[in-house]
Protein chains: 2
Amino acid sequence: MSRQTIEEYLETIKTLEEMEGSPVRTSSLARVLTVSPASVSEMLQRLSEKGMVRYTPYSGVSLTEKGLQQVLKLTRRHRLWEVFLNRHLGIGWEEVYDEACNLEHNTSGMVAEKLANYLGNPAVCPHGSPIPDENLRLPEKSGTPIANLETGKKAKITRITNEINSELLHYLTGLGIVPGAEIEVIEKASFDGTITIKAGESIKAVSAEVASFIEVEPAN
Amino acid sequence: MSRQTIEEYLETIKTLEEMEGSPVRTSSLARVLTVSPASVSEMLQRLSEKGMVRYTPYSGVSLTEKGLQQVLKLTRRHRLWEVFLNRHLGIGWEEVYDEACNLEHNTSGMVAEKLANYLGNPAVCPHGSPIPDENLRLPEKSGTPIANLETGKKAKITRITNEINSELLHYLTGLGIVPGAEIEVIEKASFDGTITIKAGESIKAVSAEVASFIEVEPAN
DNA sequence: AAAAATAATAAGGAAAACCTAACAATATAA
DNA sequence: TTATATTGTTAGGTTTTCCTTATTATTTTT
Ligand SMILES: [Mn+2]
Ligand SMILES: [Mn+2]
Ligand SMILES: [Mn+2]
Ligand SMILES: [Mn+2]
């Protein structure tokens with residue numbers, strides 16, 4: 001298995017563990033990687049032999065500590081590049097994910113650390129996701145999904161947890177829902193979870209699905 | 001043929017056309033790419049079918065206009081990254097080649113142009129090699145190999161044409177022979193072309209082979 | 001609890017990019 | 001100018017990663 005292929009599989013497993021829970025199913029991986037389920041089965045056996053994942057046939061797959069460390073290394077490089085592309089090159093936060101995804105696999109440890117230093121060791125990427133530190137440690141999770149916020153309470157948006165869907169991010173930008181924005185929940189529809197949000201002067205509603213990607217920290 | 005593989009072959013053909021003349025021989029490619037001559041033969045046939053090269057069996061290979069444009073695009077990206085790595089991240093000019101070589105293949109046109117703008121549209125890389133402009137045009141060649149410089153004449157080093165060999169570059173750095181340095185040729189041995197150079201206060205000799213990589217522009 | 005539907009794996013095969021070994025062409029030397 | 005050495009290509013294989021088409025396991029429905 002080539003390094004590139006291993007990295008693609010491990011990253012996707014991590015993303016799906018967070019999105020759909022662990023263990024991750026073969027079919028989910030096949031869908032996201034756009035390969036056949038048969039190919040995934042085959043690859044998971046090999047990744048398992050390499051000690052990167054725990055794989056139980058017909059059940060699913062999860063990362064081992066070794067696999068997780070590998071992914072954290074890539075995540076650090078990915079998010080550092082996002083910061084550079086966004087802050088220094090002026091590429092919109094909606095677009096940086098894909099570009100960083102290409103660069104991360106071809107970045108040496110030396111370049112990664114020099115880049116971190118150049119950027120002032122940022123703690124989060126343009127989407128508000130934490131950047132693993134030099135030793136690949138992450139801070140305690142602090143934000144909460146906006147659905148947990150009480151109506152009438154002010155809060156700050158800290159993170160958008162779907163970084164891949166650039167159309168979603170453009171949509172949110174149009175609503176003023178971006179990391180750092182001060183907002184207030186006006187109403188939560190008990191029927192289907194649609195949330196009405198005041199951002200700046202404008203009041204807009206978002207579906208429960210979109211809301212699930214918005215993390216906030218209540219104002220004190 | 002994967003994009004990555006095509007790019008490796010085309011770049012190497014271009015480098016060898018400059019170093020050893022055109023057409024490039026199968027054996028040269030095999031040596032530089034560290035694959036067997038048989039593999040090269042096979043690949044050249046495929047590149048030829050794609051219209052990237054002109055290939056005459058038993059004779060050699062050269063780039064078509066299409067292949068050349070592809071290489072110029074990569075060269076632009078490569079050298080822009082070198083400038084960034086050297087000037088902004090502080091990575092030595094001796095080391096930037098390899099790092100840039102990894103990044104260049106995973107850089108979109110958008111990132112390349114934003115990067116060029118961020119860097120102030122530099123004309124040359126840290127080794128003094130010209131950076132193709134946005135339309136992939138290169139300036140007229142202006143420097144001359146140091147062997148062509150008359151004894152006693154002052155000149156400025158404009159370029160080191162071997163960017164890959166980091167040991168060579170470290171050696172030259174130790175001698176003060178770096179792009180931008182003011183130097184003077186003290187003596188040229190007619191026997192084997194060894195050249196004695198004054199750089200700053202120090203006077204050092206370099207072999208004809210090393211000298212062949214040093215380009216200068218005579219002081220006016 | 002059996003039948004049907006869904007999901008996952010196994011078997012067998014293809015394409016890309018490499019290899020070695022045999023053969024062919026070209027260059028060099030006798 | 002023939003013999004020898006070098007260089008290059010072709011033939012036949014291997015490995016990796018993907019595929020399609022069974023077959024098997026699990027889940028859902030009746
Ligand atoms: Mn990636
Ligand atoms: Mn991000
Ligand atoms: Mn390269
Ligand atoms: Mn350079």
Side-chain angles (χ1 to χ4, degrees), chain A residues 1-13 15-17 19-63 67 70-71 74 101-102 105-106, chain B residues 1-17 19-63 67 70-71 74 101-102 104-106:
Chain A
M1 261 178 133
S2 77
R3 191 182 50 87
Q4 184 87 4
T5 311
I6 291 173
E7 289 179 0
E8 295 298 338
Y9 273 82
L10 294 180
E11 278 190 289
T12 310
I13 291 166
T15 307
L16 287 170
E17 278 190 311
M19 281 177 45
E20 306 178 351
S22 181
V24 173
R25 318 228 64 188
T26 301
S27 55
S28 301
L29 280 166
R31 176 173 36 79
V32 176
L33 292 166
T34 55
V35 297
S36 71
S39 299
V40 173
S41 282
E42 202 182 339
M43 291 305 221
L44 292 181
Q45 294 175 45
R46 295 201 210 148
L47 279 175
S48 180
E49 276 160 29
K50 288 190 189 296
M52 313 294 278
V53 303
R54 263 176 303 275
Y55 171 52
T56 316
Y58 291 103
S59 160
V61 70
S62 60
L63 292 178
Q70 183 76 32
V71 170
L74 288 165
C101 192
N102 292 331
H105 305 283
N106 298 90
Chain B
M1 260 179 133
S2 77
R3 191 182 50 86
Q4 183 88 5
T5 310
I6 291 173
E7 289 179 359
E8 295 299 337
Y9 273 82
L10 294 180
E11 278 189 287
T12 308
I13 291 166
K14 179 73 189 332
T15 307
L16 287 170
E17 279 190 311
M19 281 177 45
E20 307 179 349
S22 183
V24 172
R25 317 229 64 188
T26 300
S27 56
S28 300
L29 281 165
R31 175 173 37 79
V32 176
L33 292 166
T34 56
V35 297
S36 70
S39 299
V40 173
S41 282
E42 202 182 337
M43 292 305 223
L44 292 181
Q45 292 174 47
R46 294 203 210 144
L47 280 175
S48 179
E49 275 159 29
K50 287 190 189 298
M52 312 294 277
V53 303
R54 263 176 303 276
Y55 171 52
T56 316
Y58 291 103
S59 158
V61 69
S62 60
L63 293 177
Q70 182 75 31
V71 170
L74 287 165
C101 191
N102 292 331
E104 68 190 354
H105 306 283
N106 298 90

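Values reported hereafter were calculated over all heavy atoms of this structure, with side chains retained and with hydrogens, waters and symmetry mates removed. Predicted model only: the values in this text are computed from it and were never measured. Naming: A, B, ... by sequence-line order, numbering from 1 per chain.
- One atom, CD of Gln4(B), and another, C1' of dT17(D), lie 16 Å apart when rounded to the nearest Å.
- Within the 4.5 Å cutoff, side-chain heavy atoms of Leu33(A) are placed close to those of Tyr9(A).
- A close approach under 4.0 Å does occur between a side-chain nitrogen or oxygen of Thr5(B) and OP1 or OP2 of dA17(C).
- For Leu44(A) and dA10(C), the CG to P distance is 11 Å, given to the nearest whole Å.
- Taking all atoms of both residues into account, the shortest heavy-atom contact from Arg25(A) to Tyr58(A) is NH2-O, 3.3 Å.
- The backbone N or O of His105(B) lies less than 3.5 Å from a partner atom in the side chain of Arg3(B), making a donor-acceptor pair.
- A straight line from CD of Glu49(A) to P of dT17(D) spans 13 Å, rounded to a whole angstrom.
- Atom CG in Leu47(B) sits about 11 Å away from atom P in dC18(C), given to the nearest Å.
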Polar atom pairs between nucleotides 10-12 of chain D and protein, under 3.5 Å, N or O only, would you list them?
from: dT10(D); atom 1: OP2; to: Gln45(B); atom 2: NE2; distance (Å): 2.8

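- With no hydrogens or angles considered, a side-chain donor-acceptor pair links Thr5(A) and Ser2(A) at under 3.5 Å.
- Among the heavy atoms of the strands lying under 4.0 Å from Thr26(A) are primed sugar atoms or P, OP1, OP2 only; no base atom is included.
- Looking only at atom types and distance, the side chain of Ser36(B) has a donor-acceptor partner in the side chain of Ser39(B) under 3.5 Å away.
- Atom pair Arg31(A):CZ and dA8(C):P shows a separation of 11 Å (rounding to whole Å applied).
- Between the side chain of Thr15(B) and the backbone N or O of Glu11(B), at least one donor-acceptor pair lies under 3.5 Å.
- If you take CZ of Arg3(B) and C1' of dA16(C), they are 16 Å apart, rounded to a whole angstrom.
- For the pair Leu33(B) CG and dC19(C) C1', the interatomic distance rounds to 15 Å; values are reported in whole Å.
- A sub-4.0 Å separation between OP1 or OP2 of dA7(C) and a side-chain N or O of Arg25(A) is absent.
- Rounded to whole Å, atom C1' of dC19(C) lies 12 Å from atom CE of Met43(B).
- Between Arg46(B) and the phosphate of dA16(C), there is no side-chain N or O to OP1/OP2 separation shorter than 4.0 Å.
- Phosphate contact (OP1/OP2 of dA16(C), side-chain N/O of Tyr9(B), threshold under 4.0 Å): absent.
- Applying the 4.0 Å criterion to OP1 and OP2 of dC19(D), one finds that Ser36(A) has a side-chain N or O inside that range.
- How far CD of Glu8(A) is from CG of Leu74(A): 9.0 Å, rounded to the nearest 0.5 Å.
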Using nucleotides 1-6 of chain D, report all nitrogen or oxygen pairs with the protein that are shorter than 3.5 Å.
none

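- Glu49(A) has no carboxylate O lying under 4.0 Å from a charged side-chain N of Arg54(A), or vice versa, which leaves the two without a salt bridge.
- Taking each heavy atom of Gly67(B) and Leu10(B) in turn, the nearest pair found is O-CD1, 4.3 Å.
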